[in-house]
Structures are given as structure tokens and as C-alpha cells.
There are 2 protein chains.
Amino acid sequence: MRRTAERLMDLAERRMREAGYHGFSFRDLAAEIGIKSASVHHHFPTKAEMVIAIMHRHNERFAELVTPKVGETPADVVQAYRNAFRRSLTEKGGMCLNGLFGAESGGLPPELLTQVEQFFVSAAADLAKRIGGPDAETRAFAILALLEGALILARAHGDVAAFDKATADLAAAEDDERTRKVAA
Amino acid sequence: MRRTAERLMDLAERRMREAGYHGFSFRDLAAEIGIKSASVHHHFPTKAEMVIAIMHRHNERFAELVTPKVGETPADVVQAYRNAFRRSLTEKGGMCLNGLFGAESGGLPPELLTQVEQFFVSAAADLAKRIGGPDAETRAFAILALLEGALILARAHGDVAAFDKATADLAAAEDDERTRKVAA
DNA sequence: GTCTATAATTTGATAGAC
DNA sequence: GTCTATCAAATTATAGAC
């Protein structure tokens, strides 16, 4: 069944969100779902390939989560991104994989790093386009940085409240930008 | 000589900033400075103890870097923090150790996580006290999150410019807060 | 798809000589 | 402080039977 492959990916993803690329081994996964590590290799030849598949799936899901809504305001867009990141914490048990791999990028497979960079490039471009206004690209970078950092604070404090605190002014700030534009 | 211990710490710190807690082994370090791994254990009994010593040293240095200046404005304080974080990238070769360990906290020694949490608690308190104004604590969280996330973006893009872009509006925003207060 | 068996390497760590 | 020698465990991965 392809179901086993998905369970393996789910499990590996969760472990990595908690502890990074080295946060799981094939033996770990195998033990938890009741098979042997050799069987994991049947579904994913190497660990690198497995992680790349996980990242691919994750980035597709992320794109769906922040898909544009008709009539959205810039504040709506920022809220959609904020909610998507927050879900990492509350439903996936930890960090954004792209942020995590960006942080520990030094020892990771190059193909993985390509995916990570690509994620940030397209997320920044998408955000910038949808919030618009002056310096949209700079503000998009700031928003992505704030969200990644807010996840770190929440992990360090062991409390989602830290994420909420760090991002409390996010939507309000974007409303300010709007007001400023309208006023000008 | 205590000199060897320091060289080991320097090397290990750099590797961890690039690739996280699992970014070096005692053998790596030993090979690079021309001794054997058993000799590294003479200076640091275990890896966990070594990393804790590195964190201790790092957090002391950080406190010095952002030490209060007489007559500082809130914008000055934020700039001092921004510069301290930026130095991680330009002089230390990578992430802030606290941010990195917060991100991959799942598989780390508990004593290390205690230090990480403590760092963020005291940094937020210090920042909040020195920038003052309404919601100082919330803004302090946002500033720390932005700085950590900006490091991630720079690592992911492989370019310090991403850090600068993400933090471009930081000091300006703090000036806004001041203006707002004065105007009120 | 899963198993047994096993290889090759790496890792954190220790004992004891010099 | 450094070395040789060594350990036990873990990790990624492969070959081939069922």
C-alpha cells in the first residue's frame, strides 16, 4: 500500500519539525509503525530522497493554505500566512521545515537547500504581489522573517503564546500601511 | 594550555552555527586542530558539556555587545540588537545559537534548552525595559522574532542582503513608536 | 512489501601508557 | 595534555529470501 509510505512521511515530518534533519532515523520510523528499517528503504531509497519528498508535499500544501481569496485585503493576506505558520506549531508539532533547514543548512543535501531557497523566493514574491504598496518586497521579507522567528520563540518557550505575542501587531501593521497609502 | 580548549570551542561554535548541534563531532574538531578525539575529551568530558560551555560564553559576549549606552534612544537599542545578530552572520559564519537550538530543540540535552529559554526571557525583558512605551514586551518579542527569522532568510538565500532587507524597517518602526508617543 | 542478515561508517566515550 | 587502542551503539544502506 502507498498508505505505508504516507505514514512514514507523516512520522518523519513530525520528528523533523521537532528536532531537525537528524531528528529521525529509518530505524525510528520503522519501529514506530511496526516494520523493519530495510522495508523503509523499499519506499524511499535514501533518507535524502525521503526528506525531499516530504518537503515537496509540504510546500504544495502550504501553497494551498495561502491560496488567494477574492476581495482579499493586504491584512487578509498577512493573516492567511500567519495562520499557515501557526499551524506548524499547533497541528504539526513544531517548526516550519523550510525555516529549520535554512537554519541548519550547513550539513544538508544540496537538493534540499535548493528547495528551501525556492520556497522563500516564491513566498516572498507571492506576498509582495498580494500586499502591494511601496516597498512591498522589503515588507514581504520582514513578514516571513517575523513568522519564522516567532516559531523559534514559541519552540524555545515551549508555548504557542510566544508566537502569538511576537506576531500580535502583524495584521495591524499591514493595516497601517494601507491607511498610509490611502492617506497619501 | 587553556588555548586548545578555546580553539576547540571556536571551531565547534562555528560548525554549529552552520549546521546545528549535530554539525560537528569530536573527531572533526580534533582532526582540524591536529590532535586526537580522545584529547578533546580531556578538555570537555562530554559533547553536551562542551556545547553548554560554548553557549555560556556566547551569551555573556552577547550581553556585552548590547550593553546599555548612556543617552540611548529606543532606536539605538534596536540597532544595537540588530548589529549583534547581524554579526552572527558576518563574523561567526551563521545562525544565532539560541535561535538554532530553539528550532531543533526536540533532540537536545535539557540543560541546553534551559539556557536557550533563559536567553530569550532575559533578552525580551532587557529589550522591553529599554525601548519602553506601550506594549513594550509585545514589541520586544516581535523584534527578537524578526531578527532570528532574518538570520534564517539570510542562511536560506546564502546572502546577508536578505537579513538587511528583512530588518530594513526595524529602526524606522521604533522611531514611529516614539513619534506616536510624543504626539499622544 | 516485508523480512533476515549484514556491511561500512560514524559517533560519543573510556582505559591506561607516555 | 596527548597518545594508542578499543568499545558499544547508532546510522545509512544493500543483498537476497519469502
I need the NE2-C1' distance between H41(B) and dC3(D), as an integer number of Å. 14 Å

Report yes if a donor N or O on one partner sits less than 3.5 Å from an acceptor N or O on the other, where the partners are the side chain of R27(B) and the base of dT10(C); otherwise report no. no

Nearest of dT2(D), dT11(C), dT14(C) to any side-chain atom of S25(B)? dT11(C)

With heavy atoms under 4.0 Å as the rule, sort S39(B) into base, sugar-phosphate or nothing. base

Here the distance between atom P of dT9(C) and atom CZ of F26(B), to the nearest Å, is 24 Å

Out of dT14(C), dT2(D), dA13(D), which has the shortest distance to the side chain of K47(A)? dA13(D)

Set of residues satisfying salt bridge (charged side-chain N to carboxylate O under 4.0 Å, His left out) with respect to R57(B), sequence neighbours excluded: D10(B), E13(B)

Residues D76(A) and R130(A) bridged, charged N to O under 4.0 Å: no

Taken to the nearest whole Å, CG/L29(B) to P/dT11(C) is 10 Å

From the list dT4(C), dC3(D), dT2(C), which nucleotide is the closest neighbour of the side chain of H43(A)? dT2(C)

For atom CD of Q118(B), is the number of surrounding heavy atoms from other residues, nucleotides or ligands below 6.0 Å larger than 12? no

For residues L113(B) and F101(B), report the shortest heavy-atom separation together with the two atoms involved. CD2-O, 4.2 Å

OP1, OP2 of dA10(D) versus side-chain N and O of S37(A): anything below 4.0 Å? no

Of the listed nucleotides (dA13(D), dT2(D), dA5(D)), which one gets closest to any side-chain atom of T46(A)? dA13(D)

Nearest-angstrom distance from the residue atom NE2 of H42(B) to P of dC18(C): 18 Å

Mind calculating the distance between CE (M50(B)) and P (dT11(C)) to the nearest angstrom? 14 Å

Counting the benzene-type ring for Trp, do Y81(A) and F62(A) have ring centres under 6.0 Å apart? yes

Spacing between K36(B) atom NZ and dC18(C) atom C1', to the nearest angstrom: 16 Å

Taking for each residue the nucleotide of DNA chain D bearing the nearest heavy atom, is the 5' side occupied by A38(A) or by D28(A)? D28(A)

Measure the distance from CZ on F44(B) to P on dT14(C) and round it to the nearest whole Å. 16 Å

Just the rounded figure in Å: distance from P of dT4(D) to CD1 of I35(B). 12 Å

